[in-house]
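Quick notes on the structure that follows.
Counting starts at 1 for both ligands and their atoms, following the listed order. Computation of the quantities below employed the complete heavy-atom set of this structure, encompassing side-chain atoms and omitting hydrogens, waters and symmetry-equivalent molecules. Since this is a predicted model, take the numbers as computed values, not measurements.
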Amino acid sequence: MPGTPRAGIIPVTPFQQNCTLIWDDATKVGAVVDPGGDLDRIEAAIREQGVTVEKILLTHGHVDHAAGADELRERLGVPIEGPHQADKFLLDSLPETAANYGLGAARPVTPDRWLDEGDAVTVGGLGFDILHCPGHSPGSVVFVSRDARFALVGDVVFKGSVGRTDLPGGNHEQLIRAIKDKVLPLGDDIAFIPGHGPTSTLGEERVSNPFLQD
Ligand SMILES: [Zn+2]
Ligand SMILES: [Zn+2]
């Protein structure tokens, strides 16, 4: 009997990144996905929901998603899983990137576990499969629960848009191919939380997202 996922979005950083607290409703065991910053607000959300966080998950290495991960790991005493190793250069350079964007001090991140296509990640009783979806960044991953029909997609695809590909390692054709070949085939009924903006479903994006219409 698979667990039932619950999720709360905590917008963080000046980029309004959708840091997401996800948990198994049966056990209240959860994970923080993409703690880009504003750690006190993330910890307040954890307390408010009464969730026991067992890990931090990263969809990719960009500063708005990962800059708070190392400090949160220390505060909570939990491991970091993800992204794909191809984003190591981004995680290594988080202090410089954060300074360039005026975000203040940030630490580099060395995950406890890199993720790759076909890997499995658990959060309490919830199971997620990993898709490696490069293009927005080389090491972007998507977390999908096929049982719960739910995905965390980072900056791969948004409601009505797709990830920008003008940053180091970006490639628009590669991104569109990953979305069409790996993400959309998961099924129209998959609901997803993106890294920015409102939630959507893969079916809605398949028929109406202007970047996916040919
Ligand atoms: Zn990004
Ligand atoms: Zn982002």
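Side-chain rings of H172 and H136 stay apart, their centers remaining 6.0 Å or farther from each other. Taking the six-membered ring wherever Trp is involved, the centroid distance between the rings of F150 and F143 does not fall below 6.0 Å.
Salt-bridge annotation for D181 and R177: absent, with no side-chain N of the basic residue lying under 4.0 Å from a carboxylate O of the acidic one. Taking 4.0 Å as the cut-off between side-chain N and carboxylate O, D188 and R149 do not count as a salt-bridged pair. A salt bridge links E71 and R75; the closest N-O separation between the charged side-chain nitrogens and carboxylate oxygens is under 4.0 Å. Using a 4.0 Å cut-off between charged side-chain N and carboxylate O, K55 and D112 make no salt bridge.
Of all protein N/O/S atoms, those under 2.8 Å from the Zn ion (ligand 2) are D64 OD2, H65 NE2, D155 OD2, H196 NE2, and waters are not counted.
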